[in-house]
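One structure below.
Protein chains get the first letters and strands the later ones, always in sequence-line order, with residue 1 at the start of each. Since the model is a prediction, treat every value here as computed from it, not as a measurement.
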Amino acid sequence: MTLSAKPLLTTNAISRVFPDGTQALDNVSFDIPQGSITSLLGPSGCGKSTLLRIISGLDNASAGDIHWQGEAPETGEIGFVFQDATLLPWANVWDNIYLPFRINGASREAAKAAIENAVSLVALGGFEQHRPHQLSGGMRMRVSIARALATNPSLLLMDEPFGALDEMTRFRLNDDLLRIKETINCTIIFVTHSVFEAVYLSDKIAVMSPRPGRVIAEEDIALTSRDAAIRSTAEFAQACGSISALLTESEAP
Amino acid sequence: MTIRLKDPLPPTLIGMVLLLAWEGAVRLFEIPHYVLPGPVLVAKALWQNAPLLFNSLWVTLEITLVALIAAALGGAALAFVMSRARWLERSLLPYAIVAQVTPIVAIAPLIIIWVDSAFAALVLCAWIVAFFPVLANTMTGLKSADPNLKDLFRLYGASRWQTQTWLETPTALPYFFAGLRISGGLALIGAVVAEFVAGTGGAATGLAFRILEAGYRLQIPKLFAALLLLSLAGVLIYATLSILSSWALQRWHGNDL
């Protein structure tokens, strides 16, 4: 896809110093193109998650700010997928996806269509009455994604969502995410420490340095296709290679 | 933790062997029954004094149950109040701890003096002993909600009330029941200790008074019979609470616990 010229949001010199003096982010500036999947890629502890929390409003920047194209999203207009599925263990799949609606005061009847749609997007039809402990790790993550998408957010934040899953499940969910992205109008910011995952999924990658995190490169990724076959092409390997080189550079003293 | 007897045969066998050894030893060494009565004599005493002892058992159980229900409601309510605000917790918790650490034996005589009704006085004593585990556990539970889930609630703009009812309370439920199981045993101990110290003023007498009475009169078999009922009452309370808690948690949590 071609990236639209207008970014959905621009982070403007964001820094974050925690009360204990740890500097997590240092002067981070980059654009998130509207409608794109943008990955924040960097080593563990580089402040990727902190950056995501600041964008979501869960945390505040110590300095700098975020410019939104148009109006800043209101409460509930941002979807968030955590590294763990983060489901209510005592509630079944349907009720877990219903949670954002319930908080917003919507009746079960009013939320029904959106929930059914989200369930079918993540291919969980027939599992609505299952409790989280009855599902595999990959399926739990699908529920988490369905919950985030059901409210039709304009921005979806994903914090290493597939990091704890096995590789097969991870590949499948990568493909599912790309497939889902085709059908929804949503900008996705995806945090990962996997170069392959970032290249496979992203329209754009922001490469971050070790702590204190800075964005050291913003790379557009233009693969000719995105399917399982591309993973074994020279084109894919080359893209991964150049991103890896940037990461290695950033870690050099 | 729930202790379940999957196979009742081994403990039953051990029990039989111990009872036989006890009876045998008492007969073999001709131990006088006012020092150690054999199980047969204890059973006989239980049979002969059944109306009296079971009546007392009922009194003790009544005190224990009322105290336990009050402990469950009071402990949970107090935990909720304290979890509402840090300053409430800081100002109330020290007094809850003082009530918990002061030996009930020392407070019981005062309570008996201050409270007119003997029944109410004993319930109050048992409640003081029993409420703390429910309070402490429920408070821990209310604070144990998954931080990511809390963030999720915040992200969707959940009110304090919504977070408390839909996230924190269900999270606290298993903790509450764990506390309740401890409180069950403590309520019984509280009821018995208070009656030991205070008596019941003659009206309705519980098992503790029967034990004292039998001791004074050297009716040791009857004392043992009363003791036996007390142990059974304790086991009964624990078992009932275990069943109640696994039933409730099954409904809420499935079998993921």
Residue that, paired with Trp166(B), satisfies side-chain contact (heavy atoms from CB on, under 4.5 Å) out of Leu88(A), Ile103(A), Asp95(A): Ile103(A)

Nearest non-hydrogen partners of Tyr156(B) and Ala148(A), listed with the distance: OH-CA, 4.0 Å

Toward chain B, the part of Phe80(A) with a non-hydrogen atom under 4.5 Å: both

Neighbours of chain A found in residues 67-95 of chain B - heavy atoms under 4.5 Å: none

Spacing of CZ belonging to Phe82(A) relative to CG belonging to Asp146(B), to within rounding of 0.5 Å: 8.0 Å

Minimum-distance pair of heavy atoms, taken over all atoms of Gln162(B) and Arg102(A): NE2-O, 3.9 Å

Note, Leu152(B) side chain near Leu99(A) side chain (heavy atom, < 4.5 Å): yes

Scan the side chains in residues 110-125 of chain A for donor-acceptor partners under 3.5 Å anywhere in the protein, sequence neighbours excluded, and list what turns up.
{"unit_1": "Ser120(A)", "atom_1": "OG", "unit_2": "Asn117(A)", "atom_2": "O", "d": "3.0"}

Portion of Leu87(A) that has a non-hydrogen atom of chain B nearer than 4.5 angstrom: backbone

Heavy atoms of other groups near Leu9(B) CG, more than 12 under 6.0 Å: yes

Under the ring-ring contact (aromatic ring centres under 6.0 Å, His included) test, residues paired with Phe190(A) that sit two or more places apart: Phe162(A)

Contact origin within Asp151(B) toward chain A - heavy atom pairs under 4.5 Å: both

Members of residues 50-66 of chain A whose heavy atoms come closer than 4.5 Å to chain B: Arg53(A), Ser56(A), Gly57(A), Leu58(A)

Any side-chain heavy-atom pair of Leu173(B) and Trp90(A) under 4.5 Å: no

